[in-house]
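The structure under discussion appears below in the form of C-alpha cells.
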Amino acid sequence: MRTSPAHPLESTHQRGSVLVTCLVLAALGTLGVAAWFSLVDARGNQVETNLIAAERRAALRNSRALAHRAFYSSRLHAAEGLAQDFTCALPDGKGSATIRAYSGIPLQFEGGSQPSRNGATPPSSLGFDVAVDLGDGVATHRWTYRLRSQHPALGGDLLSLHAPAVPTDSAP
C-alpha cells in the first residue's frame with residue numbers, strides 16, 4: 001500500500017533545490033576549469049617567451065666570445081690595422097661578430113684615448129676604439145671595444161718614494 005507523504009510539496013521542493021545546487025556547482029566547476037586552462041596557457045606563453053629570450057642572450061654572449069677570440073688570436077698582435085671588415089660566425093645563428101675596419105695598430109698606437117664611461121681611465125692611457133657588430137640571431141648590436149697599448153693602471157706612477165718621518169741617518 002502506498003502512503004502519501006505528510007507534506008506532499010516538501011519532496012518536490014527538495015528535488016528542485018538539489019537540482020539547482022548541482023547546477024550551481026557545475027557552473028562554478030566549469031568556471032574553475034576554464035580559469036585553470038587560462039592560467040596554463042599563460043604560463044606556456046611565458047615559458048616560450050623566456051626560452052626565446054634565453055636563446056638570444058646566449059647568442060649575444062657567444063658573439064662577444066667570438067669577438068674576444070678574434071681580437072686575442074689574430075688582431076691584437078697584428079702589425080697593421082684591419083683593412084676590411086672581419087666576420088666570424090657560429091652555425092645556426094648562435095652568434096656572429098663583425099669587426100669593423102680600423103687603421104691603428106693596437107699595441108703600437110701612441111694617441112690618447114677617450115675617457116671611459118665610468119671615469120676610471122686616466123688621461124695618459126693610450127688606445128683607440130674599434131666598432132664591433134654583435135649578432136644575437138635576430139638583430140645586430142653595435143659595441144665599442146677599446147684596444148689599449150698601455151694598461152690604465154700603468155698610466156700613473158707605479159712607485160712613489162717618500163722621506164721617512166724620522167730619519168735614521170744624517171745622509172741627505
Side-chain angles (χ1 to χ4, degrees), residues 23-162:
L23 287 174
V24 168
L25 288 176
L28 290 176
T30 303
L31 289 175
V33 169
W36 181 72
F37 279 140
S38 176
L39 288 174
V40 167
D41 181 51
R43 179 64 180 149
N45 288 338
Q46 179 187 14
V47 167
E48 186 176 341
T49 303
N50 286 345
L51 178 64
I52 293 169
E55 287 175 352
R56 286 187 68 186
R57 279 194 303 270
L60 189 60
R61 286 185 182 148
N62 289 343
S63 299
R64 289 183 67 193
L66 281 172
H68 289 165
R69 174 85 173 149
F71 278 128
Y72 288 131
S73 66
S74 63
R75 298 308 324 152
L76 193 59
H77 299 288
E80 69 277 342
L82 188 61
Q84 61 185 6
D85 294 348
F86 176 73
T87 302
C88 48
L90 291 175
D92 298 329
K94 299 294 184 189
S96 65
T98 302
I99 301 172
R100 297 294 174 198
Y102 58 89
S103 60
I105 301 172
L107 294 181
Q108 297 175 3
F109 190 75
E110 295 294 327
S113 69
Q114 300 284 337
S116 68
R117 292 187 178 106
N118 62 4
T121 305
S124 62
S125 176
L126 306 177
F128 62 97
D129 295 336
V130 175
V132 178
D133 293 332
L134 302 176
D136 64 1
V138 176
T140 58
H141 307 279
R142 176 68 54 103
W143 283 59
T144 302
Y145 283 81
R146 184 158 294 161
L147 302 181
R148 300 187 193 283
S149 58
Q150 180 180 8
H151 192 277
L154 300 178
D157 295 328
L158 293 178
L159 181 64
S160 59
L161 300 174
H162 300 279

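As the structure is a computational prediction, the values presented were derived from the model and not from experiment.
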What heavy-atom pair brings [X] and [Y] nearest, and what distance separates the two atoms?
| X | Y | answer |
| --- | --- | --- |
| Ser63 | Ala97 | O-CB, 3.7 Å |
| Asp85 | Ala101 | OD1-N, 3.0 Å |
| Leu134 | Ala67 | CD2-CB, 4.1 Å |
| Val130 | Ile99 | CG1-CG2, 3.8 Å |

ask   = Can you pull the side-chain hydrogen bond (donor to acceptor under 3.5 Å, both in side chains) pairs that have at least one residue in residues 24-43, sequence neighbours excluded?
value =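 The answer is Arg43-Gln46.
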inquiry  = Does anything in residues 52-62 form a side-chain hydrogen bond (donor to acceptor under 3.5 Å, both in side chains)? List the pairs, not counting sequence neighbours.
reply    =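 Listed by first then second residue: Arg56-Asp136.
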task = With sequence neighbours excluded, tell me which residues meet ring-ring contact (aromatic ring centres under 6.0 Å, His included) with His68.
result =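 Partners of His68 by the ring-ring contact (aromatic ring centres under 6.0 Å, His included) criterion, ordered by chain and then number, come out as Tyr145.
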query = Taking atom CG of Asn50 and atom CG of Asn45, what is their separation to the nearest 0.5 Å?
reply =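 Here the interatomic distance stands at 11.0 Å.
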request  = Quick one: pull up OG in Ser74 and CZ in Phe86 and give me the separation to the nearest 0.5 Å.
outcome  =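 The CZ atom of Phe86 is 5.0 Å from OG of Ser74, to the nearest 0.5 Å.
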query = With Ala131, which residues qualify under side chain to side chain contact (heavy atoms under 4.5 Å, CB included), at least two apart?
reply =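 For Ala131, the residues satisfying side chain to side chain contact (heavy atoms under 4.5 Å, CB included) (neighbours in sequence not counted) are Arg100, Arg142.
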inquiry  = Going by side chain to side chain donor-acceptor pair (under 3.5 Å), name the residues that satisfy it together with Ser96, two or more places apart in sequence or in a different chain.
reply    =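 Ser96: no side chain to side chain donor-acceptor pair (under 3.5 Å) contacts found.
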request  = Mind checking side chain to side chain donor-acceptor pair (under 3.5 Å) for Thr87 and listing every partner two or more places apart, or none if nothing turns up?
outcome  =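 Expected list: Thr98.
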Sequence neighbours excluded - salt bridge (charged side-chain N to carboxylate O under 4.0 Å, His left out) pairs with any residue from residues 23-32 =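 Matches after skipping sequence neighbours: none remain.
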